Amino acid sequence: MLSYQHGYHAGNLPDVHKHAALAVLLAALTAKDKPLSYLESHAGRGLYDLAAPEARKTGEARAGVDALLARKALPEEHPWTVAVQRVRATYGPTAYPGSPAIARALLRPGDRMHLMELHPQEHAALERGFRAPDVHIHRRDGHEGLPALVPPVPRRGLVLIDPSYEMKTEYAGAGDLLLSVHRKWPQAVILLWYPVLEAGLHGELVRTLEGAFLPKVWRDEAQLTGSALRMRGSGLFCVNTPYTAEPILRTTSAALFGARAGVT
Ligand SMILES: C[S@@+](CC[C@H](N)C(=O)[O-])C[C@H]1O[C@@H](n2cnc3c(N)ncnc32)[C@H](O)[C@@H]1O
């Protein structure tokens, strides 16, 4: 089923939660003068326009990126703010970078990207907007493609797993995907986003991942109390979290969500 389109949700609070963490991890990894690989199993179209009909229909970005920038929740030098400003300098003030555009804004020449996307229109947009010598775009099922592409060259790197969770089975599928990438590429930094819903479907996913005793785990669950979204919260699970990134991830989450963030 491919009915989900991220354009309706781009720039909402959970999206920024994920993108801000992604930007912090990319900044930590690019601080070292060694090339890296960046891979995504569920890339979306890469770049969004918040003035487009889909984004205006839900208005979700208003309580997300719009409100966060207006109240300067993150400082100008925060890698997410830097990425958003770089993208807006090129594409205009209503542009919002999806994860591929965040990565492109922060990666360096010589770093490589592998982006997987199954939806024909989203894939076509990704092809149009992101084609470049060091960017490999695959119209491929990320659950099959990602394990097949790892470990990549260069071997240092970061993976984002960000399914649309349209079906209940995608929770278990996301956990299995993370574990299979970790088995084949134990050094990879892996960031997984998951929604926290009333039905508690994320519980089994989190229990599976925590029971796997993965290295350097950082987990963050932010409640979305009072939000108009269907979600109760936004979750992130990171493996091999760089030690330089962890304090910044914590302060980032606190800045976005205040006392509501964190996992007990
Ligand atoms: C949540 S969106 C991705 C958003 C993107 N990572 C971002 O942050 O900008 C999930 C995407 O996964 C795509 N998708 C769904 N199932 C897929 C699969 N099995 N393999 C690859 N892409 C898939 C959807 O078409 C959708 O564009």
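Start at 1 and go down the list; that is how both ligands and their atoms are numbered. Bear in mind that the values here come from a model prediction, so they are computed numbers and not experimental data.
- A donor and an acceptor atom, one from each side chain of Ser234 and Glu221, are nowhere located under 3.5 Å apart.
- No N or O atom of Glu122 sits closer than 3.5 Å to an N or O atom of ligand 1.
- Contact annotation for Arg140 and ligand 1: only backbone heavy atoms (N, CA, C, O) come within less than 4.0 Å of the ligand.
- For ligand 1, the atoms closer than 4.0 angstrom to any heavy atom of Ser41 are 20 (N), 21 (C), 22 (N).
- Taking distance alone, with nitrogen or oxygen atoms compared against 3.5 Å, His19 approaches ligand 1 more closely than that limit.
- Sorted by first then second residue, the side chain to side chain donor-acceptor pair (under 3.5 Å) pairs that include residues 64-82, not counting sequence neighbours, are His78-Thr252.
- Side-chain atoms of Glu127 do not come within 3.5 Å of backbone N or O of His123 as any donor-acceptor pair.
- Residue-ligand proximity, Asp141 to ligand 1, at heavy-atom distances under 4.0 Å covers atoms 18 (C), 19 (N), 20 (N).
- Here His42 has heavy atoms under 4.0 Å from ligand 1 in both its backbone and its side chain.
- The list of salt bridge (Lys or Arg N to Asp or Glu O under 4.0 Å) pairs with a residue in residues 105-120, not counting sequence neighbours, reads Arg108-Asp111.
- The shortest heavy-atom distance from Arg45 to ligand 1 is not under 4.0 Å.
- The shortest N or O to N or O distance between Leu118 and ligand 1 is below 3.5 Å.
- Within the 4.0 Å heavy-atom cutoff, Glu170 does not count among the residues contacting ligand 1.
- Where the criterion is an N or O separation shorter than 3.5 Å, residue side chain and backbone included, Glu117 meets it with respect to ligand 1.
- For the pair Gly142 and ligand 1, the shortest N or O to N or O distance falls below 3.5 Å.
- No N or O atom of Ser164 sits closer than 3.5 Å to an N or O atom of ligand 1.
- Looking at His6 and Tyr8, their side chains never bring a donor and an acceptor atom within 3.5 Å of each other.
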